[in-house]
Engineer: 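Below you will find the structure I want to go over with you.
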Amino acid sequence: MLTSIKTNEFAKSSSKQLAMMYFRVAIILFGAQLLMGLIAAIQFLVPGFLFELFDFSVARMVHINALVVWMLYAMIGSVYFMLEDETGVEGVGIGIGKLAFWVLTAAVTVVVLVFIFVQVGAGTEASIWFINEGREYLEAPRWADIGIVVVVLTFYWNVFATYMKGQKTGIMTVMVANLMALAGLYLAGMFFTDNISMDQFWWWWVIHLWVEATWEVFVGTLAAYALIKIINAKREIVEMWLWIEVLMLFGSGILGLGHHYFWIGTPEYWWEIGALFSALEPVPLVAMFVHVLYDWGKEQGAAHAEGKPGAVANNGPAIAWIVTNAFGNFLGAGVWGFFHTLPQVNIYTHGTQFTAAHGHLAFFGAYATILIGMMYMGVQYASGVKMLKSTFKSKMAIFLITFGVLGMTVALTIAGYEQVLIERAELGGGWQAFFTAQELPWYIQAQIWRTIMGVVTFVGFIYLVWDLVTIGKQAKTAEAAA
Ligand code: HEM
Ligand code: HEM
Ligand SMILES: [Fe+2]
């Protein structure tokens, strides 16, 4: 991927070139995210590790902010990638889009350097403007916040203007409408109130309404597009599913927001609202799961009927990641989310390692997977091959990363279970109970396993980068020889 972008083979589409630029930065930030995660995981075991040099709070902060930013990069890349295919016209204003990319990347670099070297500031307005806004997942200082809004407006204009000029497929219509909601929600995380309950109230509008509503719809459109491209799925079928999912995702996801309002000082009616609607959230995730596997199975069946071996997918690694997405979204968001979403359960699990278990599997399963799949589609296009087959490296990457994240999830679930039993149920959830629970063997062993599985994930990541860089050229040579 890194080399293919330097060649001019796909000068045909500047929108797709821009997509590759976004993918490239995304994968670098993904690597940074994992390194920070490893530092934070070691600090659970050796609390003095890098103490006062690079504290846990800083490593954790960079870990989860890098996560959000690489995903947004890969999402923007994916939109630029599909834009011309879906609309059937040349992308509008891509030159300005490229400029916006450089501005954004320069800003992200400055923000990351400040996070790493300056880390924290005094409790003043100046810190909010120049160092860190202090809101979990969205810690960019205010100057960067405003810059991000400008860049996103440019991006949105590219997409909207191209959409208006070209054909209006169902996929693109959902994409354009959903992107407006997704970008608009960011504004809810840009202002401060002194009242912490009110602050959290709005902050969740970004976090929850992103990952459980707008981002889910977003990956629904990506899956629809990818299935058409890779296995030649019928547009009418995937689009029909997409509309159903949009309806269900917004139906449950929006009021499902209530599951974050149980204990932050909001009125008690949120208990019932949160319980009911968030418990319904797994339904659309099951539908998405069925959708991908149904289409995939149907195409396989059609191929078998024609006497073909069934390998109808023209991009092996991409389809493997997309099928993993269907499983991962269902498990991480649907099952692990449902576990703790009722207030009766959440009163015990709230903020334990169980939450972290769910956070890891959900972000990975629902988003990392499909975005990696889109990167493989980028590589296929950039190297101009009709067929991109999985290599040994592709298989090692998907196996080690998925196994590693699943392993971390299981370890954290065990740690969370122990916290619920000891810290919350037995010792009543006080200050001392918090520490006692973390000194017991189940907790410590679980943290050791999480770190080991984190290393496994990281090795998988190295295979992934290696594969993305080499697979295109390899496929091209093979195709030329055939
Ligand atoms: C892909 C979709 C999802 C992602 C990426 C995701 C991610 C996360 C993350 C990172 C947190 C921790 C937030 C924090 O730092 O406080 C969280 C909390 C939570 N999630 Fe999800 N989630 C998803 C879907 C769901 C679904 C579908 C449900 C319910 C069915 C759910 C239920 C919850 C609950 C109840 C909490 C609060 C945990 C606590 O009280 O500590 N999530 N989610
Ligand atoms: C090398 C692999 C990784 C390691 C060692 C690691 C480690 C960690 C650690 C130590 C924390 C802080 C947990 C806490 O505050 O209790 C954390 C938080 C988090 N990580 Fe990772 N991580 C890794 C990979 C990932 C991946 C692949 C994703 C998602 C795609 C991810 C998403 C998150 C999220 C969402 C949180 C916040 C969870 C919460 O607030 O509940 N991490 N990670
Ligand atoms: Fe939520």
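Worth knowing before you read on, the calculation uses all heavy atoms, side chains too, and leaves out hydrogens, waters and symmetry mates. Numbering of ligands and ligand atoms starts at 1, following listing order. In this chain, residues are counted from 1 in sequence order.
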Engineer: Would you mind finding which of Gly359, Ala356, Ala41 brings a heavy atom closest to atom 41 (O) of ligand 2?
Structural biologist: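 That would be Ala356.
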Engineer: Give yes if a backbone or side-chain nitrogen or oxygen of Tyr137 is under 3.5 Å from a nitrogen or oxygen of ligand 1, and no if not.
Structural biologist: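 So ligand 1 has an N or O lying under 3.5 Å from an N or O of Tyr137.
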Engineer: Just which atoms of ligand 1 are under 4.0 Å from any heavy atom in Gly351?
Structural biologist: 39 (C), 41 (O)
Engineer: Trp204 versus ligand 1: do any nitrogen or oxygen atoms come within less than 3.5 Å of each other?
Structural biologist: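 For ligand 1, there is no N or O atom that lies under 3.5 Å from one belonging to Trp204.
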Engineer: For Thr355, take its heavy atoms, then give the atoms of ligand 2 lying under 4.0 Å from any of them.
Structural biologist: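 Going through ligand 2 atom by atom, the ones under 4.0 Å from Thr355 are 41 (O).
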Engineer: On the ring face of Tyr463, is Lys393 found with NZ or CZ under 6.0 Å from the centre and within 45° of the axis?
Structural biologist: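 Checked: cation-pi criterion not met.
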Engineer: What atoms in ligand 1 come closer than 4.0 Å to a heavy atom of Thr341?
Structural biologist: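 So the answer, numbered in order with elements, is 29 (C), 35 (C).
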Engineer: Just distances here: any N/O of Asn329 and N/O of ligand 1 closer than 3.5 Å?
Structural biologist: no
Engineer: Considering His63, Gln33, Gln447, which one's heavy-atom position lies nearest to atom 22 (N) of ligand 2?
Structural biologist: His63
Engineer: So, Phe44 versus Phe56, ring centres under 6.0 angstrom or not?
Structural biologist: yes
Engineer: Considering only heavy atoms, which of Met61, Met453, His360 lies nearest to atom 18 (C) of ligand 2?
Structural biologist: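 Ranked by closest heavy atom to atom 18 (C) of ligand 2, first place is His360.
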Engineer: To make sure I understand the geometry: which N, O or S atom in Glu212 is closest to the Fe ion (ligand 3)?
Structural biologist: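 Distance check against the Fe ion (ligand 3) picks out OE2 in Glu212.
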Engineer: With respect to the Fe ion (ligand 3), what is the nearest N, O or S atom of His208?
Structural biologist: ND1
Engineer: May I ask you to list the atoms of ligand 2 that are less than 4.0 angstrom from any heavy atom of Arg450?
Structural biologist: 7 (C), 8 (C), 9 (C), 10 (C)
Engineer: Between Thr352 and ligand 1, which part of the residue brings a heavy atom under 4.0 Å of the ligand: side chain, backbone, both or neither?
Structural biologist: neither
Engineer: Could you tell me, atom by atom, which parts of ligand 1 come under 4.0 Å of a heavy atom of Glu212?
Structural biologist: 21 (Fe), 22 (N), 23 (C), 24 (C), 25 (C), 26 (C), 28 (C), 31 (C), 42 (N)
Engineer: For Asp295 and Trp241, does a side-chain donor sit closer than 3.5 Å to a side-chain acceptor?
Structural biologist: no
Engineer: Ser278 versus ligand 1: do any nitrogen or oxygen atoms come within less than 3.5 Å of each other?
Structural biologist: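 Ser278 vs ligand 1: no N/O contact under 3.5 Å.
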Engineer: Using a strict 4.0 Å cut-off to heavy atoms of Gly337, name the atoms of ligand 1 that fall inside it.
Structural biologist: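 In order of numbering, the contacting atoms are 28 (C), 29 (C), 30 (C), 31 (C), 32 (C).
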